[in-house]
Amino acid sequence: MITKTIQIQEVTIDELAEKVADKLLLKIENYLLKIGATKNEVLLTRQETADYFKVSLVTIHQWVKYGILNPVRFGNRVYFKKQAILELIDKQTTRIK
């Protein structure tokens with residue numbers, strides 16, 4: 001790991017925090033745009049996923065716990081990729097045949 005030392009002069013804490021926040025926000029927005037542009041996937045909330053499968057939120061939680069569903073997390077929000085759900089359904093129906 002490379003360590004760098006940065007010396008900052010004549011900048012208040014608030015100005016520095018604002019600059020860092022602006023730069024971080026720009027990076028996050030670019031990352032989200034990049035993800036959305038390459039995959040163009042629809043994200044479903046936990047409730048939408050439960051409604052789609054016609055199960056309870058507890059069942060969705062258990063499926064995440066056991067690795068059946070893989071959530072996408074943004075902060076404390078949880079989403080599920082609709083394409084992954086459709087692939088899960090296809091996988092289950094082919095296993096039954």
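Sequence positions, counted from 1, serve as the residue numbers for this chain. This one's a predicted model, so the numbers in the text were calculated from it and none came from an experiment.
Minimum heavy-atom separation, Phe80 to Asn70: CD2-O, 4.0 Å. Heavy-atom minimum distance, Leu69 versus Leu88: CD2-CD2, 3.7 Å.
Note that CD of Gln7 and OG1 of Thr5 are 9.5 Å apart. Values are rounded to the nearest 0.5 Å.
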**Message:** As a quick check of understanding, evaluate side chain to side chain contact (heavy atoms under 4.5 Å, CB included) for Thr45 and Tyr79, giving each step before the final call.
**Reply:** CA-CA 5 Å; Thr45 64; Tyr79 297 97; 3.9 Å; yes

**Message:** Using side chain to side chain contact (heavy atoms under 4.5 Å, CB included), reason through Ile85 and Lys81 one step at a time and then give a plain yes or no.
**Reply:** CA-CA 7 Å; Ile85 291 170; Lys81 295 179 182 178; over 6 Å; no

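Ile60 is not listed as a side-chain neighbour of Tyr52, based on a closest heavy-atom distance of 4.5 Å or more.
In this structure, Leu57 is not a member of the same hydrophobic cluster as Val72, with clusters built from ILVMFWY side-chain heavy atoms closer than 4.5 Å. The hydrophobic cluster containing Val20 also contains Ile8, counting ILVMFWY residues as joined when their side-chain heavy atoms lie under 4.5 angstrom apart, directly or transitively. Residues Ile28 and Phe74 fall within the same hydrophobic cluster, defined by Ile, Leu, Val, Met, Phe, Trp and Tyr side chains chained together at heavy-atom separations under 4.5 Å.
Heavy atoms of other residues, nucleotides or ligands lying less than 6.0 angstrom from CD1 of Ile13 number 12 at most. Within 6.0 Å of atom CD in Gln62, more than 12 heavy atoms from other residues, nucleotides or ligands are found, so the atom counts as buried in its surroundings.
Without hydrogens or angle criteria, Glu15 side chain to Thr12 main chain gives a donor-acceptor distance under 3.5 Å. In this structure, the side chain of Thr59 does not engage the main chain of Val55 through any donor-acceptor pair within 3.5 Å.
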